[in-house]
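Quick note: numbers below take in every heavy atom, side chains included, and nothing from hydrogens, waters or symmetry partners. As the structure lists them, so they are numbered: ligands from 1, and atoms in each ligand from 1.
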Amino acid sequence: MPEVKPEAKPAAGLRNVVAGESALSSIDGQRGVLAYRGIDIHELAERSSFEEVVFLLHRGTLPTRAQLEDFEAALVRERPVPAGVVALLRGLPAGTHPMTALRTAVSALGAFDPDAEDGAEPARSRKAVRLTAQMATLVAAIDRLRHGTEPVAPDPGLPHAANFLWMLKGTRPTASAARAMDVALVLHADHEFNASTFAARVAASTLADTHGAITAALATLKGPLHGGANEAVMQMLESMAGPEQAAAWVRDAFAQKRKIMGFGHAVYRTEDPRATHLRRLSRQVGEEAGDRRWYDLSERVEAAVRAQKGLYANVDFYSASLYRMLGIPTELFTPVFAVSRIAGWTAHVLEQLGNNRLIRPESEYTGPRDVAYVPLERR
Ligand code: COA
């Protein structure tokens with residue numbers, strides 16, 4: 001009799017499994033290439049803006065000048081958030097993690113949104129733009145409220161990234177800080193079927209509402225193995241006495257089999273192309289502020305991790321020191337990721353709904369079979 005070979009076990013964590021089609025972003029993990037709609041991330045990081053990237057992801061092509069101006073104006077119009085959502089944020093207990101507050105606020109936005117239950121176009125696209133605009137306003141408001149200060153109203157005269165820093169700090173960012181923030185938003189905007197995006201697509205595929213899909217994405221982004229890593233990186237850097245301690249700290253972490261946040265990637269086997277820009281920006285913003293402390297420490301940690309385990313920095317590693325130098329509080333790092341990734345999440349929801357089929361994979365059952373039911377009195 002021919003030997004019946006057992007079928008290959010499904011890859012743990014669905015690694016290397018193609019779970020669907022998308023025309024939004026592509027990654028070549030071996031060569032370290034990321035492109036949005038075919039355009040290399042290096043080009044976008046150097047030449048584009050967040051607003052332009054949102055248009056590209058939502059609409060499929062780079063905008064003409066007139067289209068970009070209209071789109072920028074639409075994003076500006078959609079920035080305010082309902083007073084009811086701000087009131088709800090005020091009612092959260094002190095010490096609520098900003099990601100918990102953000103997830104709650106976005107879910108609540110769904111109750112206030114005039115298009116909430118309209119799943120057809122053009123309401124879908126309106127919600128994609130509105131949520132992208134509102135995410136920055138919410139994150140800034142959450143931070144102001146938890147520090148006992150009042151939210152700062154959006155400034156219609158400022159582009160998205162500069163306006164975010166304005167709403168956060170209540171002071172005008174320098175041109176250089178605004179550009180660094182803008183590039184960071186461009187770099188985080190989309191990354192194919194990462195965990196939070198996949199969560200959004202699964203929810204959208206049930207024809208649940210857009211706010212629900214984005215709430216699922218936010219819940220998923222919070223985890224330290226995903227978006228929460230940038231916050232963990234800063235905590236790690238803060239726990240080190242100085243650059244001279246970096247190599248020993250890393251050796252100790254590996255000896256204790258602890259994961260070092262900001263390194264390794266499920267897909268990239270070489271440098272994450274986003275890390276290349278974030279490293280540059282972290283150094284530049286640090287130098288301009290006359291404070292290279294966090295950049296220098298990061299560089300030493302990166303060298304030690306590379307030398308000792310051969311792991312490369314991912315997007316979260318240098319975003320930590322960059323955000324610190326931009327004056328963003330550590331607990332806000334993951335919400336700032338969401339300020340950008342909302343562009344990708346909403347684009348994926350639009351793409352999913354444009355050609356929807358319920359996402360419903362199967363599992364391989366590994367438990368016992370044909371088990372007899374034992375009545376309660378005989379157990
Ligand atoms: N620190 C220490 N070891 C790491 C590591 C890290 N950051 N990343 C990977 N490794 C090790 C793993 O322990 C594993 O070792 P083993 O083969 O001896 O078990 C090996 O490298 C392969 O990595 P693995 O965890 O299988 O890769 P993955 O694709 O499952 O995981 C991540 C990818 C991102 C979850 C993982 O690299 C990680 O946890 N990184 C830290 C968190 C982080 O920065 N997340 C943000 C991602 S953008």
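For the pair Ser298/Phe317, a side-chain contact is recorded, criterion being any heavy-atom separation below 4.5 Å from C-beta on.
By the side-chain contact (heavy atoms from CB on, under 4.5 Å) test, Pro80 pairs with no residue at all, sequence neighbours left out.
Identified under the salt bridge (charged side-chain N to carboxylate O under 4.0 Å, His left out) test for residues 43-58, with sequence neighbours left out: Glu43-Arg47. Evaluation of the salt bridge (charged side-chain N to carboxylate O under 4.0 Å, His left out) test over residues 57-76, restricted to residues two or more places apart or in two chains, returns none.
For the residue pair Ala213 and Ala203, the shortest heavy atom distance occurs at CA-CB, 3.7 Å.
At most 12 heavy atoms of other shown residues, nucleotides or ligands fall within 6.0 angstrom of atom CD in Glu117.
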Show the short N or O contacts, below 3.5 Å, that ligand 1 makes with protein N or O atoms; if there are none, say 'none'.
from	atom 1	to	atom 2	distance (Å)
ligand 1	1 (N)	Ile260	N	2.8
ligand 1	7 (N)	Ile260	O	2.6
ligand 1	7 (N)	Phe263	O	2.9
ligand 1	25 (O)	Lys259	NZ	3.0
ligand 1	29 (O)	Arg15	NE	3.1
ligand 1	30 (O)	Arg15	NH2	3.0
ligand 1	37 (O)	Phe263	O	3.4
ligand 1	39 (O)	Lys259	NZ	3.2
ligand 1	40 (N)	Phe263	O	2.9
ligand 1	44 (O)	Gly262	N	2.8
ligand 1	44 (O)	Asn314	ND2	2.9
ligand 1	45 (N)	Leu225	O	3.3

